[in-house]
Amino acid sequence: MTFGSSASPIDFEEVVQGLTREGYAVVDHFLDANEVAGCRSEAFHLSELQAFRPAGVGHGTDYQRAKDVRSDLIHWVDNQSSGPATVLYLERLQNLVTYLNRTCFLGIRDAEIHYALYQPGSFYKRHLDVFRDGSARKLSVICYLNDQWRPGDGGELMIYLPNDDGTEAARQIEPLAGRLVCFESTRLEHEVLPTHRSRLSLTGWLKDEKQFF
Ligand code: OGA
Ligand code: MN
């Protein structure tokens with residue numbers, strides 16, 4: 001089953017297959033070049049308005065800045081206050097959620113999404129995307145917004161896949177423009193290697209509960 005415009009068809013079944021077989025999926029051209037450019041300019045406008053803040057880890061009373069763990073800047077987005085390119089991304093993600101709920105019975109009911117800006121030298125050390133006090137986060141979903149990313153630019157996403165025998169396999173994923181990566185938030189540890197260029201993404205979590213804080 002395919003959704004999206006004819007210019008950029010998105011095979012949501014590819015996501016389901018990847019998640020079922022390996023716990024993660026990579027979909028190229030989730031956004032086309034124009035859509036990426038639109039999101040980039042909306043994000044850079046927000047950055048000029050000083051709307052990005054240093055990210056932390058944990059939430060509520062557990063929240064910490066933790067600059068030794070992660071050094072990205074974030075800006076949370078929503079449907080109401082975002083520009084048209086960001087809203088288009090949110091709608092496309094909603095289409096993916098509809099498909100996942102229908103085919104995998106995931107029961108996704110909410111999402112939290114932010115722009116993430118990694119300036120040169122920034123990183124996010126190996127971690128799991130769930131909070132210590134439990135989390136409704138089921139799937140982590142990241143869409144990269146970087147033109148002309150080249151080997152040597154750094155900033156790759158590493159995903160660690162546990163094997164049954166206690167060993168693990170590592171996958172290295174380049175943050176290429178328009179590429180969507182989706183993985184199980186509760187199971188797969190991952191990290192962002194230090195980037196040598198500024199690195200932009202729309203990063204979010206699909207949740208099976210409404211936000212309660
Ligand atoms: C995160 C994260 C990965 C990436 O924000 O939690 O792991 O590739 N991001 O940006
Ligand atoms: Mn993460």
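The model shown is predicted, which means the values in this text are computed figures rather than measured ones. Indexing begins at 1, ligand by ligand and atom by atom, following the structure's order.
Residue-ligand proximity, T203 to ligand 1, at heavy-atom distances under 4.0 Å covers atoms 5 (O). Proximity to Y144 (heavy-atom distance under 4.0 Å) selects the following atoms of ligand 1: 4 (C), 8 (O). Interface atoms of ligand 1 facing W205, defined by a heavy-atom separation under 4.0 Å, are 6 (O). Taking every non-hydrogen atom of I142 and a distance limit under 4.0 Å, the qualifying atoms of ligand 1 come out as 3 (C), 4 (C), 8 (O), 9 (N). Listed by number with element, the atoms of ligand 1 under 4.0 Å from a non-hydrogen atom of V192 are 3 (C), 4 (C), 8 (O), 9 (N), 10 (O).
Distances shorter than 2.8 Å separate the Mn ion (ligand 2) from the protein N/O/S atoms H127 NE2, D129 OD1, H190 NE2.
Between R109 and D208, no side-chain nitrogen of the basic residue sits less than 4.0 Å from a carboxylate oxygen of the acidic one, so the salt-bridge criterion is not met. No salt bridge links E174 with R179; every basic N to acidic carboxylate O contact stays at or beyond 4.0 Å.
Here the protein heavy atom with the shortest distance to atom 1 (C) of ligand 1 is Y124 CE1, 3.7 Å.
Residue contacts with ligand 1 for F183 are absent, since no atom lies close enough (heavy atoms, distance under 4.0 Å). Within the 4.0 Å heavy-atom criterion, the part of R199 lying near ligand 1 is the side chain and not the backbone. By the criterion of a heavy-atom distance under 4.0 Å, the side chain of H127, and not its backbone, is placed next to ligand 1. Proximity of D129 to ligand 1, defined as any heavy-atom pair under 4.0 Å, is confined to the side chain (atoms from C-beta onward).
Annotation: cation-pi geometry satisfied between R126 and Y160 (NZ/CZ under 6.0 angstrom from ring centroid, within 45° of ring axis).
Few gaps surround NE2 on H127; more than 12 heavy atoms of other groups in view lie less than 6.0 Å from it. No more than 12 heavy atoms of other residues, nucleotides or ligands lie within 6.0 Å of CG in D164, so this atom counts as exposed by the packing criterion.
Side-chain N or O atoms of N163 include none that pairs as donor or acceptor with a backbone N or O of D165 at under 3.5 Å.
A side-chain N or O of S185 and one of S140 form a donor-acceptor pair less than 3.5 Å apart. Checked by atom type, the side-chain pair T86/Y115 shows a donor-acceptor distance below 3.5 Å.
Y99 has its side chain out of reach of V15: every pair of non-hydrogen atoms, C-beta onward, lies at least 4.5 Å apart. Put simply, the side chain of V36 does not reach to within 4.5 Å of the side chain of Y144, judged on heavy atoms.
With sequence neighbours excluded, no residue satisfies ring pair (Phe, Tyr, Trp, His ring centres under 6.0 Å) with W149.
Residue-to-ligand polar distances place H190 within reach of ligand 1: an N/O pair is separated by less than 3.5 Å.
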